[in-house]
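Reading through the structure tokens given below for one structure.
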Amino acid sequence: MAIGILGRKLGMTQIFDENNNALPVTVIEAGPCPVVQKKTVKTDSYNAVQLGFLDKKRQRLTKPELGHFDKANVPAKRYLREFRLTEEEIGQYETGQEIKVNIFQAGDFIDVTGTSKGKGFSGVIKRHHFAGSSEMSHGTHEYFRHGGSIGSATYPGKVFKGRKMAGQKGNEQVTVQNLKIVEVREETNVILVLGSVPGATNSLVMVRKAVKKGNKKK
């Protein structure tokens, strides 16, 4: 595993490559993120670093939270997230150290985790892409946009957990993998990512190097 960085989605725009092709990119403000806490196998049974992102007024924190930041000697932060590391990687970081956007470079592939936009209560066609009834044009309303059977007869005599039904759509953690970084702007802590990432404008995202794809320039 490798360390990542916290950021917020600023929105989408387009840029042009050397061949004047328009590229849809997502703009992410990434870091700087100080190391607020360092966890090791000896102290916490696993290796990880806790990063903070975006300043927060001290008067809006509880006393335990204030003590947590004061112990690390870093300003109070709005968000805290952990990144698991290996035994070799954990030794490279110390409390108070800043993680900046320069851990990435153009051409790297990344995984971006965020919270998707909430769509409210939705039916099975919108939520799970059910086909709907083929009888909709023949004067029947028996099936319309409903779901079909949700179980069987005597056995098992219950509805299995996880059955696709109507309910809350969106507002859940989503990870989009293998997105390519088009440009890194260190002076403004901004990275431009090819394609879309989950979440609304100004929502928190976690950016890590892709775990299923080699990070080689192309």
Side-chain angles (χ1 to χ4, degrees), residues 1-36 48-61 65 69 72 74-84 93 96-120 168-213 215-218:
M1 302 182 72
I3 198 167
I5 198 169
L6 301 179
R8 60 177 174 175
K9 176 181 175 180
L10 298 183
M12 292 196 70
T13 185
Q14 67 177 10
I15 61 175
F16 294 89
D17 63 10
E18 60 276 7
N19 298 320
N20 288 329
N21 295 317
L23 302 177
V25 295
T26 301
V27 184
I28 299 177
E29 178 188 355
C33 298
V35 177
V36 180
V49 291
Q50 185 186 76
L51 302 185
F53 180 62
L54 293 182
D55 292 337
K56 187 175 183 179
K57 293 181 179 179
R58 290 179 60 87
Q59 60 265 34
R60 293 183 178 178
L61 298 177
E65 289 172 335
F69 289 109
V74 298
K77 298 296 179 180
R78 183 181 301 177
Y79 301 108
L80 292 175
R81 295 293 186 275
E82 287 187 4
F83 290 85
R84 291 286 189 104
Y93 304 98
Q97 178 180 346
E98 272 196 339
I99 308 300
K100 298 184 178 180
V101 72
N102 58 11
I103 64 174
F104 301 109
Q105 56 184 338
D108 285 351
F109 288 91
I110 58 175
D111 297 336
V112 181
T113 302
T115 302
S116 62
K117 292 182 180 180
K119 305 293 185 180
Q168 167 71 34
K169 177 178 172 61
N171 193 30
E172 60 184 359
Q173 181 174 294
V174 177
T175 298
V176 179
Q177 298 181 321
N178 302 330
L179 295 175
K180 186 178 181 180
I181 294 179
V182 177
E183 187 178 344
V184 177
R185 300 178 180 177
E186 296 185 32
E187 64 280 2
T188 54
N189 300 312
V190 163
I191 58 177
L192 304 181
V193 180
L194 185 63
S196 61
V197 304
T201 301
N202 291 324
S203 61
L204 179 71
V205 294
M206 298 174 64
V207 183
R208 305 181 182 89
K209 289 192 175 181
V211 296
K212 294 183 179 178
K213 197 163 189 175
N215 282 285
K216 297 180 181 179
K217 286 187 177 181
K218 290 191 177 180

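Sequence positions, counted from 1, serve as the residue numbers for this chain.
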If you compare all heavy atoms of [X] against all heavy atoms of [Y], which two are closest, and at what distance to 0.1 Å?
| X | Y | answer |
| --- | --- | --- |
| Gly107 | Lys180 | CA-CE, 4.1 Å |
| Leu6 | Met206 | CD2-CG, 3.6 Å |
| Leu179 | Leu194 | CD2-O, 3.7 Å |
| Ala22 | Gln14 | CB-OE1, 3.8 Å |
| Phe83 | Ile5 | CZ-N, 3.7 Å |
| Ala200 | Lys117 | CA-CE, 3.8 Å |

Could you give the distance from [atom1] ([X]) to [atom2] ([Y]), rounded to the nearest 0.5 Å?
| X | Y | atom1 | atom2 | result |
| --- | --- | --- | --- | --- |
| Leu80 | Arg78 | CG | CZ | 12.0 Å |
| Arg84 | Ile3 | CZ | CD1 | 14.0 Å |
| Glu186 | Ile191 | CD | CD1 | 12.0 Å |
| Gln168 | Asn171 | CD | CG | 5.5 Å |
| Lys77 | Leu61 | NZ | CG | 11.5 Å |

If you define the side chain from C-beta out and look only at heavy atoms, does anything of [X] sit under 4.5 Å from [Y]?
| X | Y | result |
| --- | --- | --- |
| Phe53 | Ile99 | no |
| Glu98 | Cys33 | no |
| Ile181 | Gln105 | no |
| Val184 | Val101 | yes |
| Val174 | Thr113 | no |
| Ile28 | Leu10 | no |
| Phe69 | Val36 | yes |

Salt bridge present between Asp111 and Lys209 (N-O < 4.0 angstrom):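 Result for this pair is no, no salt bridge flagged.
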- request: Apply the salt bridge (charged side-chain N to carboxylate O under 4.0 Å, His left out) test between Glu29 and each candidate in Arg8, Arg185, Lys100; give the one that qualifies.
  value: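 Only one option passes, and that is Arg8.
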- request: Show the numbers, then the answer: is there a side-chain contact (heavy atoms from CB on, under 4.5 Å) between Gln50 and Arg81?
  value: CA-CA 6 Å; Gln50 185 186 76; Arg81 295 293 186 275; over 6 Å; no
query: How far apart are the C-alpha atoms of Thr175 and Val112, what are their side-chain angles, what is the distance that settles it, and do they pass the side-chain contact (heavy atoms from CB on, under 4.5 Å) test?
result: CA-CA 6 Å; Thr175 298; Val112 181; over 6 Å; no
For [Y], does its backbone N or O pair with a side-chain atom of [X] as donor and acceptor, under 3.5 Å?
| X | Y | value |
| --- | --- | --- |
| Lys119 | Lys169 | no |
| Thr115 | Glu172 | no |
| Asn19 | Asn21 | no |

field: side-chain contact (heavy atoms from CB on, under 4.5 Å) between Val182 and Val25, intermediate numbers included
entry: CA-CA 8 Å; Val182 177; Val25 295; 4.1 Å; yes
- prompt: Does the side-chain contact (heavy atoms from CB on, under 4.5 Å) test come out yes or no for Phe104 and Val207, once each step is laid out?
  reply: CA-CA 10 Å; Phe104 301 109; Val207 183; 3.8 Å; yes
